[in-house]
Trainee: 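Structure in structure tokens, see below.
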Amino acid sequence: EDQVTQSPEALRLQEGESSSLNCSYTVSGLRGLFWYRQDPGKGPEFLFTLYSAGEEKEKERLKATLTKKESFLHITAPKPEDSATYLCAVQNTGNQFYFGTGTSLTVIP
Amino acid sequence: SAVISQKPSRDICQRGTSLTIQCQVDSQVTMMFWYRQQPGQSLTLIATANQGSEATYESGFVIDKFPISRPNLTFSTLTVSNMSPEDSSIYLCSVEWDSRYNEQFFGPGTRLTVL
């Protein structure tokens, strides 16, 4: 069965303390892996799409990488405004989407 | 990317009543999706709504409980029927902006509380 597991569930970082969030997945055939940011009371905001192992994408302090079994979202020198829940999702070749439960990130000034 | 709005943003409803949630997109899109997000849980797809055809429901969701309309390429509604407290959740619509890239963009959500 296709599924997505994110870890850790929650992460507290000091401002400037770099870290990584993990998204492990099993999927019958990967069409895409997606990262979203979700602020409280709002809908998910699209960040990245990764399509194949070895692919990397960057946006400001965020960098997403992909292997055949997992994806990492690296956060470099985070700021308090990076505090949010980060969601990972995969789409299989049957066009079905599976979302993880997210990692709640808190960046302390 | 698409700009998506939802109405209402939140509501408190009585058990046994129904609520219709509207989703408006600023551009024409083929595929629209309705999700439910319960506290501390992942997003769960309720159904896919393509213009001109019946909505396709995921396992565990039925049309009688969650009827969906898709009258044109920029608008859709989801009705939560005969509500119970277990229906309290955030309901989100999303669109597939460009089928080449499979990216979904989400509306702000509707927070529903059923008493």
Side-chain angles (χ1 to χ4, degrees), chain A residues 1-10 21-52 55 57 59 64 66 71 84-105, chain B residues 1-11 21-25 29-50 56-61 78 89-113:
Chain A
E1 181 179 331
D2 296 351
Q3 64 179 12
V4 174
T5 303
Q6 292 187 245
S7 62
E9 289 186 11
L21 313 182
N22 178 263
C23 172
S24 297
Y25 66 92
T26 55
V27 65
S28 52
L30 181 68
R31 192 169 179 205
L33 184 141
F34 308 88
W35 282 99
Y36 290 87
R37 168 189 171 130
Q38 187 172 26
D39 293 297
K42 296 186 177 181
E45 173 190 347
F46 172 78
L47 293 174
F48 303 110
T49 308
L50 301 167
Y51 295 101
S52 58
E55 189 175 0
K57 288 193 176 174
K59 179 180 180 180
L66 180 65
S71 176
T85 296
Y86 291 85
L87 298 171
C88 172
V90 297
Q91 183 187 27
N92 63 20
T93 50
N95 289 330
Q96 295 169 306
F97 284 85
Y98 297 88
F99 280 81
T101 53
T103 294
S104 176
L105 174 67
Chain B
S1 65
V3 177
I4 305 166
S5 60
Q6 287 185 234
K7 290 181 181 179
S9 59
R10 59 178 59 222
D11 207 342
I21 302 168
Q22 299 178 6
C23 179
Q24 180 75 52
V25 189
V29 293
T30 301
M31 297 185 71
M32 296 181 75
F33 307 88
W34 287 99
Y35 286 85
R36 182 170 71 183
Q37 186 176 30
Q38 294 179 310
Q41 295 190 22
S42 174
L43 276 73
T44 302
L45 181 64
I46 297 171
T48 301
N50 292 335
T56 303
Y57 290 83
E58 297 300 305
S59 175
F61 298 96
L78 169 75
S89 186
I90 297 173
Y91 292 85
L92 295 152
C93 73
S94 73
V95 304
E96 184 180 71
W97 174 240
D98 188 328
S99 62
R100 295 174 296 174
Y101 305 114
N102 318 121
E103 296 159 359
Q104 287 190 37
F105 293 91
F106 285 83
T110 295
R111 182 179 294 272
L112 171 62
T113 302

Trainee: Checking Lys42(A) now: which residues fulfil salt bridge (charged side-chain N to carboxylate O under 4.0 Å, His left out) with it, not counting sequence neighbours?
Mentor: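 Once residues adjacent in sequence are excluded, Lys42(A) has no partner under the salt bridge (charged side-chain N to carboxylate O under 4.0 Å, His left out) criterion.
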Trainee: If you define the side chain from C-beta out and look only at heavy atoms, does anything of Ser42(B) sit under 4.5 Å from Val4(A)?
Mentor: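 Of all side-chain heavy-atom pairs linking Val4(A) with Ser42(B), none is under 4.5 Å.
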Trainee: Could you have a look at Gln37(B), Arg111(B), Arg10(B) and say which one has the most heavy-atom pairs with chain A under 4.5 angstrom?
Mentor: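 Result: the option with the highest number of such pairs is Gln37(B).
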Trainee: Could you tell me which residues satisfy side-chain contact (heavy atoms from CB on, under 4.5 Å) with Ser9(B), sequence neighbours excluded, listed by chain and number?
Mentor: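 Ser9(B) satisfies side-chain contact (heavy atoms from CB on, under 4.5 Å) with no residue once adjacent residues are dropped.
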Trainee: Check salt bridge (charged side-chain N to carboxylate O under 4.0 Å, His left out) between Glu55(A) and all other residues, then give those that pass, not counting sequence neighbours.
Mentor: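 Glu55(A): salt bridge (charged side-chain N to carboxylate O under 4.0 Å, His left out) contacts with Lys57(A).
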Trainee: Which region of Glu9(A), side chain (C-beta onward) or backbone (N, CA, C, O), has a non-hydrogen atom less than 4.5 Å from a non-hydrogen atom of chain B, or is it both or neither?
Mentor: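 When you check distances to chain B, no heavy atom of Glu9(A) falls under 4.5 Å.
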Trainee: Non-hydrogen contacts under 4.5 angstrom with chain B: give the residues of residues 97-105 of chain A involved, or none if there are none.
Mentor: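 The list, in residue order, reads Phe97(A), Phe99(A), Gly100(A), Thr101(A).
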Trainee: Scan side-chain atoms only and decide if Gln104(B) and Gln91(A) contain a donor-acceptor pair under the 3.5 Å cut-off.
Mentor: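 Gln91(A) and Gln104(B) do not have a side-chain donor-acceptor pair below 3.5 Å.
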Trainee: How close do Leu92(B) and Gly43(A) get, heavy atom to heavy atom, and via which atoms?
Mentor: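 Closest heavy-atom pair between Leu92(B) and Gly43(A): CD2-CA, 3.8 Å.
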